[in-house]
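This report concerns only the one structure given below.
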Number of protein chains: 4
Amino acid sequence: MTMQQTDGAVRTAGRPRSEKAEKAIIEAALDILGEGSGVSELSIEAIAARAGVGKTTIYRRWSNKEDLVVDALASLKPPIAPLKGVSVRDDLVAYLQVVQSESVHVRTRCIMNIAMSQSDKHPRVAERFHEIAIKPRQELLSAVLERGMANGELRADLDVPMAMAILSGTMMWRTKWADGPLPADLAERIVDEVLLGFRPR
Amino acid sequence: MTMQQTDGAVRTAGRPRSEKAEKAIIEAALDILGEGSGVSELSIEAIAARAGVGKTTIYRRWSNKEDLVVDALASLKPPIAPLKGVSVRDDLVAYLQVVQSESVHVRTRCIMNIAMSQSDKHPRVAERFHEIAIKPRQELLSAVLERGMANGELRADLDVPMAMAILSGTMMWRTKWADGPLPADLAERIVDEVLLGFRPR
Amino acid sequence: MTMQQTDGAVRTAGRPRSEKAEKAIIEAALDILGEGSGVSELSIEAIAARAGVGKTTIYRRWSNKEDLVVDALASLKPPIAPLKGVSVRDDLVAYLQVVQSESVHVRTRCIMNIAMSQSDKHPRVAERFHEIAIKPRQELLSAVLERGMANGELRADLDVPMAMAILSGTMMWRTKWADGPLPADLAERIVDEVLLGFRPR
Amino acid sequence: MTMQQTDGAVRTAGRPRSEKAEKAIIEAALDILGEGSGVSELSIEAIAARAGVGKTTIYRRWSNKEDLVVDALASLKPPIAPLKGVSVRDDLVAYLQVVQSESVHVRTRCIMNIAMSQSDKHPRVAERFHEIAIKPRQELLSAVLERGMANGELRADLDVPMAMAILSGTMMWRTKWADGPLPADLAERIVDEVLLGFRPR
DNA sequence: ACATAATCGAGACGGTACGTCCCGTCTTGTT
DNA sequence: AACAAGACGGGACGTACCGTCTCGATTATGT
């Protein structure tokens, strides 16, 4: 946890911190990030203004932007992909479709950008992002792949981390560096192409 | 072209602009970017100081940071991967090894970060980056794949853009989101895994 | 008043402006003016540096140099000539001696220069200067002259404004355009010469 | 002389300097000074632009602003007061009237301001000004006073420098620090008042 | 009920960088 | 060689935010 006050402790005297202000701050930060700013563009002054809050109220809680961004990201309920279907192929298609559709939403894209670009400069932010946005998805994906290996839909000797990188990386590459408009059935085509190498021979 | 003065033709009156200053500016900008700054951290004042140049001399040429960064990126001779070997598999491995090794160099990483993260806010920068850093490599890769399709090493019906996305995306994903240390033979393993699906059946 | 914030009344929200900073700014401005600069040479940046203050702190109070100079001049307590002696002649001599001795001090000379030279370009500065530096002295002088007219030391029909101009103008002219070194008893000589025309016949 | 090229010398090779340019520069400088600028506000760039001349052409002739201003002032034909009348009183009145009427012209006022205010910072300018603008007038005035002393209109023991300071200083003071509108017969009134002390008893 | 005390919004503080303007110097090609 | 044009390194301008620091006002707890 990055907050500075221990939560579960003795109720100290004085006016308690306003939860409302806190939420407004987080929300304002996400709003601004969602408008395309990087961590550096994200200005405390702008957050304070948008949240209708004094700058002190922010600095009292987070000593730097990183910590605030970390908490803001954490508050983003990872709207994990829904439950799975029947065949591995269909699950993979569904998964990639979710990933693709998310990449349309501004907020998601910006979070993604932050995670990718600020990993050197703000490693804690990147780490936190990985934890909340990458890991759960990877676990989901990994479960699907292992189910396939178990039931014979996929090769038993499949290199799972590699397979996940192939699927996720391909989708990211296509959506990032697309030359033209993306095909409507992009997810299906990726899965079908990739599965050619994943299926038992 | 982003420079403000037309290059060809008329030899305008007055002292001509100094090429030396121009190079110093570009070099200083790349230096600073290479130290880990994003486009936003990149300060004109710092560039001017490092280049030993007045701010005017910068603003005379580029009216904003974006344009300067675009030209700076363009000046980075993409040290395109060297010539190819004999088999498609070895060429792909060699190509991915170059990509992987580049990702270690700070300057390249930063350029990469800029390209990826600033694509929303600074679309022209991203576009220029694509042109100088992505496209030539993709053409190289595409040539290798088509050679393979022609000589029977690869399936004749291979979806080339998809295949390129698989190779490049996988490498990027692995180097970006590596859980642990990267295997020494990463490039080989990616190629071998992927080729299983690319070879004729 | 030239300050931008209303002084009286309402105790606005937020941290109040620092009187210390204000004094430091005024003092720094006077220092620099005293070193021989005109209003134009007076740089806000230099004032800020010397006062140990941010430029904002200056601009928050005065929107331009003129206003600042006006307030700086106003802060110069005109160390009005001390009380008067017995005879009109001695009072006039004492008065002119003070004027002459002041003209040696750098600060006074510079203030004087500003007042005289900038009257066209910076009329408000000149006006303010007149109010704080000229008027009180003129009132003092006028009182002495009227005392003399009342008690018979001076002609009863003396043109007082004219008499004041004669005394002050002569002193200024002599100190400004002196051909050689000023006589030690300059004030006495002026008074004695001038009084020849001022005394009753 | 402040010009950098010896005038009476050998005709050196190359294109001769343009007299037209020179006149245009002087004229432009006087124009700008006449608009109310001090020596410091007077910018070479502005002069060059107004004169339709390259900055080099100015710097080739004068190495600094002072020198240029000196020559510009020198070019002002001191339109010395016209010949004298019959009585000393009438001559003095006529003289002061000229002085007063000149003080209305912008150019004269500005020259005056420069001379008065820049004497500390630009002593050569002040000296030159004294030579061309003060001295000839003072000599005129001094001649009138001495004529009066010779023919009995004035006291034989009159302190001439003091008398001149009284006349000139009074006029300057009145025109500079006038409280209200100047009386139409200002010159006459000054002379009449002052002469009360100058005449033989 | 009332002092104590941590919080709140507001906004001033010393700074840094911005992009503009002009300085006085220095190159150009032309006259 | 002198000319106009204009680029050069530099310095100050006034603005916008930075992150820190007071302010008076508010809101809870612990007598």
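Just so we're on the same page: letters track the sequence lines, and every chain starts at 1.
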Could you list the donor-acceptor pairs under 3.5 angstrom formed by side chains in residues 46-53 of chain D, with sequence neighbours left out?
unit_1	atom_1	unit_2	atom_2	d
D/R50	NH1	D/E35	OE2	3.0
D/R50	NH2	D/E35	OE1	3.2
D/R50	NH2	D/E35	OE2	3.2

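When base pairs are accepted only as Watson-Crick or G-U wobble with both N-N or N-O distances under 3.5 Å, DNA chain E takes part in stems of 3 or more pairs at E:1-31 with F:1-31.
Under the rule for a salt bridge (charged side-chain N to carboxylate O under 4.0 Å, His left out), C/K65 has no partner lying at least two apart in sequence or in another chain. With sequence neighbours left out, the side-chain contact (heavy atoms from CB on, under 4.5 Å) criterion links A/T56 to A/R60.
Residue whose closest nucleotide on DNA chain F sits further toward the 5' end, between C/S43 and D/S18: D/S18. Positionally, the nearest nucleotide of DNA chain E for C/E19 lies more toward the 5' end than for the other of C/E19 and B/I44. Residue D/A21 is the one, among C/K65 and D/A21, whose nearest nucleotide of DNA chain F lies closer to the 5' end (criterion: closest heavy atom).
Annotation for A/I25 and A/W62: closest pair CG2-CZ3, 3.7 Å, computed over non-hydrogen atoms. Closest of all the heavy-atom pairs between C/S75 and C/I26 is OG-CG2, 3.3 Å.
Atom NZ in C/K20 sits roughly 12 Å away from atom P in F/dC23 (whole-Å rounding). Between B/Y59 atom OH and F/dG11 atom P there is a gap of 17 Å when expressed in whole angstrom units. For the pair B/L68 CG and E/dC18 P, the interatomic distance rounds to 11 Å; values are reported in whole Å.
With rounding to the nearest 0.5 Å, the separation of CD1 in D/I44 from OG1 in D/T57 is 11.5 Å. To the nearest 0.5 angstrom, B/S43 atom OG is 8.5 Å from B/K55 atom NZ. In this structure, B/R61 CZ and B/D67 CG are separated by 14.0 Å, a value rounded to the nearest 0.5 Å. Taking CD from B/E22 and CG from B/D71, the interatomic distance works out to 7.5 Å, rounded to the nearest 0.5 Å.
In this structure, B/R61 reaches the F/dC8 phosphate: one of its side-chain N or O atoms is under 4.0 Å from OP1 or OP2. Note on D/R15: every side-chain N or O is 4.0 Å or more away from OP1 and OP2 of F/dA1.
Checking F/dA7, E/dA12, F/dC13 against the side-chain heavy atoms of C/R60 singles out E/dA12 as nearest.
Within residues 45-58 of chain B, the residues approaching DNA chain E are B/E45, B/K55, B/T56, by heavy-atom distance under 4.0 Å.
Put simply, the side chain of A/R17 and the base of E/dT7 share no donor and acceptor less than 3.5 Å apart.
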